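A quick write-up on the structure given underneath.
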Amino acid sequence: KSLYSNIVLCGASSLFSGLRRRLQSNISHLLHQNAKVKVMSPKDRNYASWIGGSIFASLPFSSSEWIKKRDYDEVGPSILHPQGHVHDCK
């Protein structure tokens with residue numbers, strides 16, 4: 001229930017005129033009437049991915065924890081979860 005009241009739009013596609021209102025209306029119609037639906041569209045949402053990436057890059061990770069592109073290319077998605085729990089969406 002709390003998921004429906006905490007929907008945040010981000011990215012360039014979220015800038016379409018009326019998207020927030022339409023999404024909120026459509027989700028409200030799909031749920032029962034007492035469900036609270038709130039869709040938020042922050043002013044800087046077109047930069048949200050860059051802001052998030054910047055914050056992530058500034059975290060104190062050791063470079064030994066990074067996965068290099070050549071290693072990913074060689075091993076594939078299983079390098080992220082060695083137990084093989086990654087689901088391929090192809």
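Computation of the quantities below employed the complete heavy-atom set of this structure, encompassing side-chain atoms and omitting hydrogens, waters and symmetry-equivalent molecules. None of the values given here were measured: they were computed from a predicted structure.
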Open item on the list: Please report the interatomic distance SG(C10) to CD1(I51), rounded to the nearest 0.5 Å.
Closed with: 10.0 Å
TODO: State the CE-CD distance between M40 and Q24, to the nearest 0.5 angstrom.
DONE: 9.5 Å
- [ ] Just jot down the side-chain contact (heavy atoms from CB on, under 4.5 Å) partners of L59, sequence neighbours excluded, or say none.
- [x] F56, F61
Task: Separation between CD of E74 and CG of D71, rounded to the nearest 0.5 Å - done: 6.5 Å
- [ ] Please answer: with hydrophobic residues joined when any side-chain heavy atoms are less than 4.5 Å apart, are F16 and I27 in the same cluster?
- [x] yes
Open item on the list: Could you measure the distance from the OG atom of S14 to the CG atom of N46? Nearest 0.5 Å is fine.
Closed with: 7.0 Å
- [ ] Find the distance between CG (L31) and OH (Y4) and round it off to the nearest 0.5 Å.
- [x] 5.0 Å
TODO: Report the residues that fulfil side-chain contact (heavy atoms from CB on, under 4.5 Å) with S41, sequence neighbours left out, ordered by chain and then residue number.
DONE: L9, R20, R45
Open item on the list: Are the side chains of R21 and S25 in contact, using a 4.5 Å heavy-atom criterion?
Closed with: no
Open item on the list: For a 4.5 angstrom cut-off between non-hydrogen side-chain atoms, does P77 reach Y72?
Closed with: yes
Open item on the list: My understanding is that only one of L23, V37, V39 makes a side-chain contact (heavy atoms from CB on, under 4.5 Å) with S28; could you say which?
Closed with: V37
Task: Hydrophobic cluster membership, W50 vs I55, 4.5 Å side-chain cutoff - done: no
Open item on the list: I need the D73 CG to I67 CD1 distance, nearest 0.5 Å.
Closed with: 12.0 Å
